[in-house]
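Read through the structure below, which is laid out as structure tokens, and then see the notes.
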Amino acid sequence: MDVASYLHRLGRPDLLGAPPTLETLHAVHTAHVERVPYECLEIWLGRPTTVDPLESAGRILRGRGGYCYHLNGALSALLAAMGFEVARHVGGVQNHRSRPGVTGNHLPLTVTLPEGAWLVDVGLGDGPHEPLPLVAGRHRQGPFEYGLRPSEVAPGGWRLDHDPAGAFAGMDFGLEPTDMTAFTDMHRHLSTSPESGFVQAAVVYRRDASGVDCMRGLVLSRIGNASTSTTMERPEDYYAALADVFGLTLDDVPPEARDKLWARLARAHERWLAGG
């Protein structure tokens with residue numbers, strides 16, 4: 001793990017050699033969600049990925065992001081290299097139309113400090129901007145209020161309730177530590193199945209202290225002090241928004257691949273408008 005390069009990617013080279021304290025953890029978490037976008041564009045580009053944390057970290061260092069297995073997987077390796085006591089867990093994200101369950105469609109982290117245990121999760125899109133203390137309670141962060149309580153479906157585990165305005169209903173996870181092999185099959189499903197939300201819609205999120213930016217298909221929206229929504233009508237507008245809003249310059253994507261991606265996005269947008 002190239003800690004120095006990773007921290008430079010997060011805009012926090014000053015944290016190199018910092019002690020594994022709560023202050024350092026907060027700094028890394030907030031920088032990660034602000035600088036490394038949640039995105040599934042590799043799926044739409046037809047470029048398979050794995051859940052290997054070092055592979056994910058390498059892609060992040062090249063200016064890209066990923067979804068939970070990539071973002072939290074890479075972050076777990078970074079935190080461990082910085083001296084934190086970090087554990088990976090099997091979780092399950094529940095959308096607004098499904099029931100709670102620990103399905104393995106999510107990888108959350110916990111970090112244990114002298115002050116107690118903390119939920120650390122940079123892989124939820126419009127999830128927490130800062131770590132959450134692993135005790136029952138409510139937490140206001142920007143436009144969202146998150147709740148933590150004992151899980152009803154993971155004995156001994158925890159439930160994160162999202163704000164009603166959020167993109168998902170909640171997330172449950174058990175406290176048993178796991179390794180990345182627990183997510184291999186679900187990663188394959190999420191990245192290839194026609195039933196996967198990542199296959200159905202190209203999503204990009206970037207969280208900050210006051211809200212979240214989201215590109216879903218060709219629709220750019222902002223939830224914060226005010227809510228806005230704009231449809232990208234031209235490929236140059238779409239790619240400019242990715243670069244300006246999310247920091248995704250896509251330097252690793254050649255022009256012909258960009259053209260194919262735009263064509264695929266435009267077709268999906270037309271189907272969405274038609275109600276398909």
Side-chain angles (χ1 to χ4, degrees), residues 33-51 55-56 58-60 62-71 74 93 95-98 105-106 122-127 165-168 186-208 211-224 226-276:
V33 294
E34 291 178 1
R35 298 290 292 266
V36 183
Y38 177 100
E39 51 117 339
C40 65
L41 294 180
E42 291 295 82
I43 294 172
W44 284 68
L45 288 163
R47 306 197 304 197
T49 61
T50 74
V51 297
E55 178 190 296
S56 299
R59 192 163 48 253
I60 289 170
R62 295 191 296 273
R64 296 295 303 280
Y67 54 91
C68 66
Y69 305 143
H70 309 121
L71 300 177
V93 170
N95 63 35
H96 293 288
R97 300 178 302 278
S98 63
N105 69 358
H106 188 66
V122 298
L124 282 170
D126 61 356
F168 61 96
M186 184 58 78
H187 171 60
R188 185 180 303 110
H189 170 80
L190 291 175
S191 59
T192 61
S193 172
E195 299 178 356
S196 167
F198 295 137
V199 174
Q200 295 172 1
V203 294
V204 185
Y205 284 90
R206 187 194 63 84
R207 185 73 159 90
D208 57 45
V212 63
D213 297 297
C214 173
M215 182 82 81
R216 184 175 182 85
L218 299 182
V219 180
L220 173 64
S221 59
R222 170 74 183 179
I223 297 176
S227 296
T228 62
S229 180
T230 306
T231 299
M232 303 294 106
E233 303 287 352
R234 305 178 302 169
E236 52 265 41
D237 297 330
Y238 176 77
Y239 289 114
L242 288 184
D244 296 341
V245 179
F246 302 97
L248 286 173
T249 58
L250 299 189
D251 294 334
D252 59 333
V253 181
E256 59 272 19
R258 291 185 181 224
D259 292 342
K260 290 180 180 179
L261 174 59
W262 171 259
R264 188 178 178 188
L265 290 168
R267 290 193 299 270
H269 186 71
E270 291 172 0
R271 290 194 300 270
W272 175 72
L273 291 175

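Below, all heavy atoms of this structure are taken into account, side chains as well, without hydrogens, waters or symmetry copies. Predicted, not measured: the structure shown is a model, and the values here were computed from it.
- Here the side chain of Glu34 pairs no donor or acceptor atom with the backbone of Arg207 at under 3.5 angstrom.
- Using a cutoff of 4.0 Å between basic side-chain nitrogens and carboxylate oxygens, Asp252 and Arg64 are scored as salt-bridged.
- Between the side chain of Asp126 and the main chain of Ala167, a donor-acceptor pair closer than 3.5 Å is present.
- Closest approach of Leu41 to Ala202, counting heavy atoms only: CD2-CB, 4.0 Å.
- Nearest heavy atoms, Ile60 versus Ala74: CD1-CB, 3.7 Å.
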* Evaluate the criterion side-chain contact (heavy atoms from CB on, under 4.5 Å) for residue pair Val253 and Arg47; output intermediate values, then yes/no. => CA-CA 10 Å; Val253 181; Arg47 306 197 304 197; 3.8 Å; yes

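- Note that OH of Tyr239 is 14.0 Å distant from CZ of Arg234, once rounded to the nearest 0.5 Å.
- The two residues Val93 and Asn105 make their nearest non-hydrogen contact at N-OD1, 2.7 Å.
- Under 3.5 Å, the side chains of Thr49 and Glu42 contain no donor-acceptor pair of N or O atoms.
- Contact record, Gly123 with Leu71: CA-CD1, 4.1 Å, taken as the closest heavy-atom pair.
- Residues Ser229 and Val219 meet the side-chain proximity criterion, which asks for heavy atoms closer than 4.5 Å.
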* Would you check, one step at a time, whether the test side-chain contact (heavy atoms from CB on, under 4.5 Å) holds for Leu265 with His269? => CA-CA 6 Å; Leu265 290 168; His269 186 71; over 6 Å; no

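- Under a 3.5 Å cut-off, the side chain of Arg264 and the backbone N or O of Trp44 do form a donor-acceptor pair.
- Under the 4.0 Å criterion applied to side-chain N and carboxylate O atoms, Arg59 and Glu55 are assigned as salt-bridge partners.
- Closest approach of Asp213 and Arg206 over heavy atoms only: OD2-NH2, 2.6 Å.
- Val36 places none of its side-chain heavy atoms less than 4.5 Å from the side chain of Val122.
- Distance alone, capped at 3.5 Å, places no donor-acceptor pair between the His189 side chain and the Glu195 backbone.
- Atom CZ of Phe246 is separated from atom CE of Met215 by 5.5 Å, given to the nearest 0.5 angstrom.
- Below 30°, between 30° and 60°, or above 60°: for Phe198 and Tyr38 the angle between ring planes is between 30° and 60°, a tilted geometry.
- Of all heavy-atom pairs between Leu220 and Ala241, the closest is CD2-CB, 4.3 Å.
- Proximity of the aromatic rings of Tyr67 and His187 is defined here by a centroid distance below 6.0 angstrom, and this criterion is met.
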